[in-house]
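Just so it is clear, the structure is predicted and the values come from calculations on it, not from any experiment. Every chain is numbered from 1, with letters handed out A, B, ... down the list of sequences.
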There are 2 protein chains.
Amino acid sequence: MEKKSKIILPCDEKCPVRASLTLLSGKWTLLILFQINKKVMRYGELKRAIPGISEKMLIQELNMLVENKLVNKKAYPEIPPKVEYTLTELGLKTLPIADKLAEFGSENLI
Amino acid sequence: MEKKSKIILPCDEKCPVRASLTLLSGKWTLLILFQINKKVMRYGELKRAIPGISEKMLIQELNMLVENKLVNKKAYPEIPPKVEYTLTELGLKTLPIADKLAEFGSENLI
DNA sequence: TAAAGTACCTACTAAATGGTTATAATAATT
DNA sequence: AATTATTATAACCATTTAGTAGGTACTTTA
């Protein structure tokens, strides 16, 4: 009698999907990256581009993304203040993920 | 004097990225779909495949995925119980998203 | 004189997520 | 005879995440 034991390789902390999700799995994260995209976006523009997000979440996520080097922040010492956000090289590399989300959404959900 | 007004198209409830994220943005969701992949996975196998997830979250997410028709559930009326999970056609269509997450993770995070 | 716009920050509340323990029923293993 | 394995559900509390409301400091517009 043979033992049929299925080999399961557990996805631990080195699993690439898990690592990506640790960084990107928030409710708003990928949407913000997608909205910035290849553009230069100011804080207020992003706020208007993403109706429904609270100012707190937007600034919190932007700060997180800057910390994790997905987004560049350029502040001008002017009054009224002017701050521009762009994607870093690393941030640009998340766009294919957002593109797949967009593809799945438009083909199956909308 | 010209007015430079940048046109911003707000991403509302019909934005495909948003619609996808509403369904998939959880911390574990895409990881579970990725683990099931093209296989037939039992509850216990998934539990071992995703170390760190609590039983509660796993069953909660599986129920949600079944409800949203991304996952099929086949329960055998046996004792001890045996339940098999597979991806539906719709669920299979989320795999490209997980693949991009895996790609991003292995190239930039690991 | 008042309101609107700019990019935030802080305190508080609400919701989502996570963890633990207990329960079920029965076959196979120790 | 007791333990382990199986797939859940339910109750409870702790923690994390998200949302709400208000304020700051200054300028321009009405």
Side-chain angles (χ1 to χ4, degrees), chain A residues 1-6 8 13 18 21-33 35-36 39-68 71-86, chain B residues 1-6 8 10 13 18 21-32 35-36 39-68 71-86:
Chain A
M1 186 164 125
E2 253 177 281
K3 255 197 189 154
K4 239 191 281 180
S5 62
K6 198 168 173 180
I8 297 173
E13 67 289 339
R18 263 185 110 146
L21 286 174
T22 300
L23 195 59
L24 303 171
S25 75
K27 179 173 172 182
W28 301 104
T29 316
L30 281 161
L31 188 57
I32 293 170
L33 293 168
Q35 286 296 323
I36 300 177
K39 302 189 290 271
V40 177
M41 292 284 274
R42 294 184 61 180
Y43 172 83
E45 290 176 328
L46 278 171
K47 204 173 90 181
R48 284 187 292 277
I50 309 175
I53 195 171
S54 66
E55 300 200 336
K56 180 190 146 187
M57 279 313 293
L58 180 55
I59 198 67
Q60 192 173 292
E61 289 284 299
L62 283 170
N63 288 338
M64 182 276 280
L65 291 169
V66 169
E67 246 181 52
N68 287 293
V71 167
N72 286 314
K73 174 177 178 170
K74 188 176 180 184
Y76 296 83
E78 300 174 3
I79 296 280
K82 178 178 173 182
V83 181
E84 289 177 343
Y85 294 96
T86 51
Chain B
M1 186 164 128
E2 255 179 279
K3 253 196 189 156
K4 237 192 283 180
S5 63
K6 196 170 175 180
I8 296 174
E13 66 290 338
R18 264 184 110 147
L21 286 175
T22 300
L23 196 59
L24 302 171
S25 75
K27 179 174 173 182
W28 301 105
T29 315
L30 282 161
L31 187 57
I32 293 171
Q35 285 296 322
I36 301 179
K39 301 189 290 270
V40 177
M41 293 283 275
R42 295 184 61 182
Y43 173 82
E45 289 176 330
L46 278 170
K47 205 173 90 182
R48 284 187 293 278
I50 308 173
I53 195 171
S54 69
E55 301 199 339
K56 182 183 148 189
M57 280 313 293
L58 180 54
I59 199 66
Q60 195 172 292
E61 288 284 298
L62 283 170
N63 288 338
M64 182 275 280
L65 291 169
V66 169
E67 246 181 53
N68 287 293
V71 167
N72 287 313
K73 173 177 177 170
K74 186 174 180 187
Y76 295 83
E78 300 173 6
I79 296 284
K82 178 178 172 180
V83 181
E84 289 177 343
Y85 293 97
T86 50

- Item | Full working for side-chain contact (heavy atoms from CB on, under 4.5 Å) between A/Leu62 and A/Tyr43 | CA-CA 9 Å; A/Leu62 283 170; A/Tyr43 172 83; 4.1 Å; yes

- Is A/Glu55 touching bases, backbone alone, or none of the nucleic acid, heavy atoms closer than 4.0 Å? base

- Task: Please determine if a side-chain N or O atom of A/Asn63 lies less than 4.0 Å away from the OP1 or OP2 oxygen of C/dC8.
- Result: no

- d(CD1, A/Ile50; C1', D/dG19) in whole Å: 16 Å

- Check every strand shown and say whether A/Ser54 touches a base, only sugar-phosphate, or nothing at a heavy-atom separation below 4.0 Å. base

- Query: Within the structure, does a side-chain N or O atom of B/Arg48 lie under 4.0 Å from either OP1 or OP2 of D/dT7?
  - Reply: no

- Message: I want to check one thing: is the phosphate of D/dA8, taken as OP1 and OP2, less than 4.0 Å away from some side-chain N or O of B/Tyr85?
- Response: yes

- Please tell me if the side chains of A/Val71 and A/Met64 come closer than 4.5 Å, counting only heavy atoms from C-beta onward. no

- List in chain and number order the residues that pass side chain to side chain donor-acceptor pair (under 3.5 Å) with B/Gln60, two or more places apart in sequence or in another chain; answer none if no residue qualifies. none

- Closer than 4.0 Å, any side-chain N/O of B/Arg42 to the OP1 or OP2 of D/dT6? no

- What integer distance in Å separates B/Leu31:CG from C/dG18:P? 12 Å

- Separation of D/dT20 atom C1' from A/Lys47 atom NZ, nearest Å, is 14 Å

- Residues from residues 21-30 of chain B lying under 4.0 Å of DNA chain C - heavy atoms: B/Lys27, B/Trp28

- Message: Applying side-chain contact (heavy atoms from CB on, under 4.5 Å) to A/Ile32 and A/Ile53, what does each step give before you reach the verdict?
- Response: CA-CA 10 Å; A/Ile32 293 170; A/Ile53 195 171; 4.1 Å; yes

- Message: Ignoring hydrogens, what is the shortest heavy-atom contact between A/Arg48 and B/Pro10? Give both atom names and the distance.
- Response: O-CB, 3.4 Å

- Message: Can you measure B/Ile59 atom CD1 to C/dT17 atom P for me and round it to whole angstrom units?
- Response: 16 Å

- Task: Quick one: do B/Lys74 and B/Val40 satisfy side-chain contact (heavy atoms from CB on, under 4.5 Å)? Show the steps, please.
- Result: CA-CA 10 Å; B/Lys74 186 174 180 187; B/Val40 177; over 6 Å; no

- Message: Just checking A/Glu78: does its CD atom have more than 12 heavy atoms from other residues, nucleotides or ligands closer to it than 6.0 angstrom?
- Response: yes

- Task: With rounding to the nearest 0.5 Å, note down the distance linking CE in A/Met41 to CG in A/Leu46.
- Result: 4.0 Å

- Note on the structure: In whole angstroms, the gap separating P of C/dT26 from NZ of B/Lys82 amounts to 19 Å

- Task: For each nucleotide in nucleotides 24-30 of chain D, reading 5' to 3', give B when a protein heavy atom comes within less than 4.0 Å of its base, S when such contact involves only the sugar-phosphate, and - otherwise.
- Result: --SS---

- Message: From CE of A/Met64 over to P of D/dT16, roughly how many Å is that when rounded to an integer?
- Response: 16 Å

- Query: Atom NZ of A/Lys56 to atom P of D/dT16: distance rounded to whole Å?
  - Reply: 14 Å

- Find the distance B/Leu58:CG to D/dT7:P and express it as a whole number of Å. 10 Å

- Should B/Trp28 and A/Arg18 be marked as a side-chain contact (heavy atoms from CB on, under 4.5 Å) after you check the CA-CA gap, both sets of side-chain angles, and the distance that decides it? CA-CA 8 Å; B/Trp28 301 105; A/Arg18 263 185 110 146; 3.5 Å; yes

